[in-house]
Number of protein chains: 2
Amino acid sequence: MRSYGQCCALAKALDAIGDRWTLLIVRELMIREACRYTDLKNGLPGIATNLLAERLNEMEQSGLVTREAAPPPVATTLFRLTARGRELEPAIAALGRWGAPLMGNPQTTGDEFRDHWVALPLRLYVRDRRPKDAPVRLAIRAGEESLTLETAGDGSVRVQPGTSERPAASIQGPPHTILALLTGKVSLASARAKGVRFEGETKTLERFGGPE
Amino acid sequence: MRSYGQCCALAKALDAIGDRWTLLIVRELMIREACRYTDLKNGLPGIATNLLAERLNEMEQSGLVTREAAPPPVATTLFRLTARGRELEPAIAALGRWGAPLMGNPQTTGDEFRDHWVALPLRLYVRDRRPKDAPVRLAIRAGEESLTLETAGDGSVRVQPGTSERPAASIQGPPHTILALLTGKVSLASARAKGVRFEGETKTLERFGGPE
DNA sequence: CGGCATCCACAGTGATACTG
DNA sequence: CAGTATCACTGTGGATGCCG
């Protein structure tokens, strides 16, 4: 994109990440840590393959992304965010908070949905209300996506792709109902009515909540 | 712009404000409160007039901006942010923080600069370290722009365009040196060496600082 | 002068096809 | 799998014109 050519921090940020698709690529890499080209393409429905390639090159140039050749078992290139790229998290959180009211039901809007997208709001909005208690691990199966949520000890939670070993509890169901349950927007009873299956100590659930 | 068509809060936010120039228009309105078309055009060097008109229409449609006919002394349309538009402040702050390291010296980069732009970082980054003390008003003349900075009582500061009545102190000089002085990045002595003139109680200055 | 609308050259985008 | 190539289309920037 053309630079705005303005000596302003916001304009400079937009010069770097204001291009179409760029912030969504950051979103994918923030969720998945290391991605193959094809993972990115699947996680970004609607992107043209030439644009994805072009953006990845630009983002590598500007120090947001690194490209590494994975050893034989994988034998492909992996894309990762750099530290500088991960520093976009507060901006993405703020934009996501602002954009949340604009989301409609994907059934009626026809919007694309990917189960793994729920990892981002989980990471950004779910708080550990008792950070000093013993750490807890939660197994989540949101749609077809398996995630592990664990308390980080500072009030935040870590969300990793994959299944967990010996979780304190497990939740399975539609992604956005799981999110609503863990941020305290719906009760366990009404989440169950919407298809959520919860196994384990109920009071594990009380440990989690939304912001503030 | 085309919608991403994704059921994701970030994608929805970008659908609304991801267009080129849109966030910079929000920046202008956040600094100036009420703007004429021409004020916006002057504050956004490089924008084509048709694009400014088009963006303002889109932003009015999507509820970010209102247009009001000012009464006879002014006799022109004024553009303002709606409450929803002002809610973008955290996102703009986060992006600005991220973009700040990318700013170079406008002398060498050839970037455009407007004195009033400094009001945004002043408002976002300058903190009142003793919110419980009596409120204080500071007269600032950054380049050719007159601003009033006053403590809000909650640790933040308000920054308004225009001159102040009976300020506790006054600062005059190059915009970014004034910003560096008020966020505590440079001492009064070295700010003076860079062309800042400060009048009033020196300890007024100690009341202010950057984030954290 | 303030607030656009119109026109044009060109850069960015999206769909598809093709390749090592 | 990880792209590159092609091409129609849309968005952008610059200039200019119009109207109260």
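In what follows, every chain begins at residue 1, and chains take the letters A, B, ... in the order their sequences are listed.
Under the side chain to side chain donor-acceptor pair (under 3.5 Å) criterion, no residue pair touches residues 93-106 of chain B, with sequence neighbours excluded. The list of side chain to side chain donor-acceptor pair (under 3.5 Å) pairs with a residue in residues 3-18 of chain A, not counting sequence neighbours, reads A:Ser3-A:Asp15, A:Gln6-B:Arg27, A:Lys12-B:Asp111.
Not a single salt bridge (charged side-chain N to carboxylate O under 4.0 Å, His left out) links B:Arg192 to another residue, sequence neighbours left out. In this structure B:Glu89 satisfies the salt bridge (charged side-chain N to carboxylate O under 4.0 Å, His left out) test with no other residue, sequence neighbours excluded. With sequence neighbours left out, B:Arg20 forms a side-chain hydrogen bond (donor to acceptor under 3.5 Å, both in side chains) with no residue at all. Looking at residues two or more places apart in sequence or on another chain, you find a salt bridge (charged side-chain N to carboxylate O under 4.0 Å, His left out) between A:Arg80 and A:Glu68. Scored by the side-chain contact (heavy atoms from CB on, under 4.5 Å) test, A:Arg197 finds A:Gln172 as partners (sequence neighbours excluded).
In this structure, CD of A:Gln6 is placed 11 Å from P of D:dG13, rounded to the nearest angstrom. Look at CG on A:Leu78: it is 13 Å from P on D:dC1, rounded to the nearest Å. Rounded to a whole Å, the CE atom of A:Met59 is 14 Å from the P atom of D:dG3.
At a threshold of 4.5 Å between non-hydrogen side-chain atoms, the residues A:Trp117 and B:Leu10 do not count as touching. You'll find the side chain of A:Val159 stays beyond 4.5 Å of the side chain of A:Ile140, heavy atoms only. Side-chain atoms of A:Thr151 and A:Pro135, non-hydrogen and from C-beta on, do get closer than 4.5 Å to each other. Within the 4.5 Å cutoff, side-chain heavy atoms of B:Leu182 are placed close to those of B:Leu138. Residues A:Glu112 and B:Cys7 have side chains not in contact (no heavy-atom distance under 4.5 Å, counting atoms from C-beta outward).
A heavy atom lying under 4.0 Å from DNA chain D marks none of the residues of residues 7-19 of chain A. At a non-hydrogen distance threshold of 4.0 Å, A:Arg36, A:Tyr37, A:Thr38 from residues 21-48 of chain A come into contact with DNA chain D.
In this structure, B:Arg55 reaches the D:dT12 phosphate: one of its side-chain N or O atoms is under 4.0 Å from OP1 or OP2.
When each of A:Arg2 and B:Arg2 is assigned the nucleotide of DNA chain D bearing its nearest heavy atom, the one mapping closer to the 5' terminus is B:Arg2. The residue among A:Tyr4 and A:Leu56 whose nearest nucleotide of DNA chain D is located toward the 5' end is A:Leu56.
The rotation axes computed at either terminus of the helix from C:dC1-D:dG20 to C:dG20-D:dC1 lie 30° apart, taking five pairs at each end and rounding to 10 degrees.
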Dump the pairs, protein N or O against N or O of nucleotides 6-8 of chain D, anything under 3.5 Å, distances to one decimal.
{"unit_1": "D:dT6", "atom_1": "O4", "unit_2": "A:Asn50", "atom_2": "ND2", "d": "3.3"}

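Checking A:Arg36, A:Met30, A:Glu28 one by one against A:Arg32, the side-chain contact (heavy atoms from CB on, under 4.5 Å) holds for a single residue, A:Glu28.
For B:Leu29 against B:Leu81, the heavy-atom pair with the smallest separation is CB-CG, 3.6 Å.
A donor-acceptor distance shorter than 3.5 angstrom exists from the side chain of B:Thr82 to the backbone of B:Gly85, with no hydrogens or angles considered.
In 5' to 3' order, the nucleotides of DNA chain C bounding all contacts with chain B (an atom under 4.0 Å from a heavy atom) are C:dG2 to C:dA15.
Residues B:Thr76 and B:Tyr37 have side chains that never bring a donor and an acceptor to within less than 3.5 angstrom of each other.
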